[in-house]
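A short write-up of the structure that comes next.
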Amino acid sequence: MLRRIFPAIYSVVVASLLAFIALAVLQFNQINSELEREKVGILASRVAAPFEAAATIGLPLSSVRNASVLLERARQLDTAIEGVFLFGANGALLKSAASPSIDSATLGASLRNPAGTVRTWSGDTSHGYYAGVRILKPDDDLVGGIAIAYSGRKGASQSWAIVGKLLLSGLIFAIIAAPLIWLTLRRSLSGVVSSYDEIDSELRQVECASWLRSDPAGPAPRQDDSHLFGRLFRAAEARYRDAAERIVGPVYPEAPGLDSPATPELRSRLSLTLSAFMALAFAGFSAVVLFAFEQAIEPELESRATVVAELIRSEMQRTLELGIPISALGGLSPYLEGILHDFREISGIAIALPNGETIAEAAGDVSSGASITSSIGAAFSAAVGIDAGTVELPMLAGSEVVGTVQISGSELFIQTRLRDVFLDVSILAIAMLLIGVEITVSSVNASVWKPHAQMRRLLEEQCRGSFIHVMRERGPEAVRRLAARLNAYALDLAARDSGGRPAPTLLRTSETADIRLPLFFFALGAEITASFLPLLAGGASRPPWLPVDLAAAAPLIVYLVCVAALSPFAGALGRRFGPTPIFLYSVPVAFGALVWMAATGGVTQIALARGVVAVGYALATVAAQEYALRAEPAASRVSTMSVFIGLILSGTFCGSVIGGVVASRLGFSTAILLGAVFILAAGATCKVNMGGPSGSHFATPATRLNTLMTRAEKRRLAALLIGLAMPLSAVTAGFIWYYVPVTLGAEGQRPADIARVVMLYYLAAILLGPVVGSIGRRDHLTVPVALTGASLAGLSLLALYARTDVWTTAFVVLWVGAGHALLRSPIYALTIDLGGASTRPVSILRFLERAGALIGLSLAAALSSSGRLASLAPLLGLVTLGGGLLFFVANMTLTRSRQVRHPS
């Protein structure tokens, strides 16, 4: 077994590593580009200052003295600056200091496109990008603009250098990882590997014994009744001979039970082993990536400090050239404070005389404030050896040094950048870890577990004299050879009796693992817009009556409404047409909607496309859920639902991470189209994996609730849906999606930090999913687990009544995610169990979940508009605890009612 699964596991690890490298390079390009664009934008503002002063007093821009000199000095601040341009109000070029290869006409046209009074504008050129500042009169009339063209060759060379370093490191890592993976799997999976090896050895012995029996001159084979597969095969072989000779043989006993090594515990062990190994692997490689990032970013940080020093020296040099001594200059400190405000990477600026006396200085705030995880950057800045540093440049009057410009870098800026890089790389590593584990587990299931299960099923059928199936000849070599033998039996009997025996059909089996890759890929593709959809919708064209805030929220509102409207009917469609066809129908729906979203530019069409995606998402998720519940009806509902919910949350998390990285570097449309590709991958894996009988159509009667449940059971179902399910959705939408971003944004946290806090919710749910599935195999713990989850979420929310700082909010998000992880699977399991043969409770649950989300969002928006948003978290906490108490009372009532009816 190990020899068979090792290539698949190793291939997935290497492929995940390559994908991680690709995303890491994109992330580096984004970080480096942000640093460069920020620098160029500030330089453009500084260059535009004298021209803005002229425009303020009504002078034409061309009247500024030495305009060409000002532009040329700005160009010399950085070797990557290809040109500095001064444009008139109509976009005509007035002055420039640029190489002839720059197309100034295009830059001038962009000055008025889009037209308006927005002060800054930017774009891309054939060799890099540009940033500009519009020069406006006091009445906001446009009089011209300054644009700086910046070469992207330096960034491209840095990017290729990063690619080379990471690929070399990846190659070394892949070589070292091969024996480590082998030894790790061999040690951690010794029990399951030996079980499968024993089965394979038994199958080979069975085959050898069969050939010996078919040779009359050969020795009589030794019969070993201790081998279960041997007994099964001999019974199947005897049935085949009886059928071939039209002899009614003796009645053979039922096939003996055979414990499959592929138990849920062993699957969990494989998943845990893979997760642990890949987590350590990605953690180690993340350190390599982080070190490479910082070594590449360090020159840019030094360049920024040098540019600031050059800017100050250039502006002061003009004054010194007029013969004014440096000691006579006034207003230097306010001037330096203005520059310090523009450049966050600078903590201090000083002007000193040759004797060391400081005549002017400005210092920034060196405190770290309340920024999240600010100490992470300090630790890593020390680890990789990057410090803020200082830059000193002399100022000359003729040939005499009359002073120096001293620039001190900001430790806080360095730490913030390092922290961002560390967290971004960590999130990418987690996403790749989840993808790698899902692909690996599915590959092992298809190549080992499923062939063994089908072999057992085929042997049991033929033991009973049923030769109506054949199986695919795949899996280990012994399984393939024995499958060929059994297939030959069925085909031979069909050929002998062509008139009365139908041709054998392909044996198909179903299990919960069949939905893993299809559902994971679908959730990833459908939610790839989660991290940037509000930005995309808010920046799209919209009707004049639609405010920006509502435009940004429109796709989410339409999405929730469509999912809520369709979810009650999706289950009926799945029962009418079958889960697999419904899942396949949802693929072109979601694919077409994503392509439409990528091609459109209006908020109305974006919202409608998101609604169509919601339709496909509702169909796919309900179909996958129905398939899983049909595939293993004897399994614990909590275990099955924990797998289902874990796949959705993992796919959502990976989609938001990958979408954010790709969109930030390659654009929104590229990220959306990548999501469409994942939707197609979901359809392909569905076609391959979900072909078992659980995916086909068969009738499921929808009986009336009052024929299935007593009054006490109905009350517990109502308490479950209203007291647990609706508050869960309301907290997710109102608190996680609305309260956390709004309150953290009001406290000055950056969007990146806010997104990371929200991700804590999903990480907690993903990490606790397997634990819930393990606990859920004991059905008597379902209710305690649900009540524990509700209590944990409710009490966590109440903590925000006392404190509402950043760290408290982050911890509350984490614990709410943990509570919801304990709560989600039991809610579905209890609803399904209470419903019995009826499917209406599950449909009601799906509708009330979406209704709860809409109520939570509406409540949050109403409290925010009235200035009382701080009361939302305690209010939702009380509702959650009250709902848990309601369910506890209803459950106790039902328990006493059952004890009265069944005293034993």
Side-chain angles (χ1 to χ4, degrees), residues 16 18-34 37 123-124 129 159 420 423-425 427-432 434-435 520-541 551-556 558-559 587 589-603 605-614 616-617 620 648-683 737 741 751-752 754-756 758-759 762:
S16 301
L18 292 175
F20 178 55
I21 290 174
L23 291 174
V25 171
L26 288 178
Q27 188 69 16
F28 168 78
N29 291 340
Q30 177 64 21
I31 293 171
N32 198 49
S33 175
E34 287 177 356
R37 289 175 185 265
D124 296 322
Y129 46 86
S159 178
D420 291 345
L423 293 176
D424 290 340
V425 170
I427 291 172
L428 284 178
I430 293 172
M432 292 299 101
L434 294 173
I435 294 174
F520 178 78
F521 281 150
F522 199 100
L524 195 159
E527 298 298 331
I528 205 165
T529 60
S531 60
F532 62 82
L533 189 58
L535 297 177
L536 174 63
S541 60
L556 175 60
V558 174
Y559 178 87
V587 169
V589 173
F591 176 81
L594 288 173
V595 172
W596 179 23
M597 188 187 301
T600 189
V603 66
Q605 296 184 60
I606 291 174
L608 291 176
R610 184 62 174 163
V612 178
V613 171
Y617 181 81
I648 291 179
L649 293 177
S650 299
T652 300
F653 177 83
C654 294
S656 62
V657 171
I658 295 174
V661 173
V662 174
S664 64
R665 187 59 187 168
L666 302 179
F668 295 140
S669 297
T670 303
I672 295 172
L673 291 177
L674 179 61
V677 172
F678 278 110
I679 294 293
L680 292 180
W737 297 351
I754 296 172
R756 290 162 189 150
V758 172
M759 284 182 182
Y762 295 99

Report yes or no: does Ser541 contribute a side-chain atom to a donor-acceptor pair with the main-chain N or O of Gly601 at less than 3.5 Å? yes
If you look at every heavy atom in Ser656 and Met759, which pair is closest and at what distance? OG-CE, 4.2 Å
Stepwise side chain to side chain contact (heavy atoms under 4.5 Å, CB included) test for Leu649 and Phe653: CA-CA 6 Å; Leu649 293 177; Phe653 177 83; over 6 Å; no
Do Thr652 and Ile648 have side chains that get closer than 4.5 Å, going by heavy atoms? yes
Distance-minimising heavy-atom pair for Cys654 and Leu524: CB-CD1, 3.9 Å
Side chain to side chain contact (heavy atoms under 4.5 Å, CB included) between Ile679 and Phe522, worked out: CA-CA 5 Å; Ile679 294 293; Phe522 199 100; 3.9 Å; yes
If I compare all heavy atoms of Gly602 with all of Ala540, which pair ends up nearest, and what's the gap? C-CB, 4.1 Å
Listed by chain and number, what are the side-chain contact (heavy atoms from CB on, under 4.5 Å) partners of Val558, not counting sequence neighbours? Cys562, Ala607
Are any of the side-chain heavy atoms of Ile435 and Ile658 separated by less than 4.5 Å? yes
Heavy-atom closest pair, residues Tyr617 and Ala526: CD1-CB, 4.0 Å
Which salt bridge (Lys or Arg N to Asp or Glu O under 4.0 Å) pairs, counting each pair once, include a residue from residues 522-531, with sequence neighbours left out? Glu527-Arg610
How close do Ala681 and Phe521 get, heavy atom to heavy atom, and via which atoms? CB-CD1, 4.0 Å
For residues 590-598, which side-chain donor-acceptor pairs fall under 3.5 Å, sequence neighbours excluded?
unit_1	atom_1	unit_2	atom_2	d
Trp596	NE1	Gln605	OE1	3.1

Closest approach of Gly683 to Val587 (non-hydrogen atoms, all atoms of both residues): CA-CG2, 3.6 Å
For Phe520, enumerate each residue passing the ring-ring contact (aromatic ring centres under 6.0 Å, His included) test, keeping only those at least two apart in sequence or located in another chain. none
Contact between Leu536 and Ile672 at the side-chain level, heavy atoms closer than 4.5 Å - yes or no? yes
Residues passing the ring-ring contact (aromatic ring centres under 6.0 Å, His included) test with Phe668, sequence neighbours excluded, are Phe532
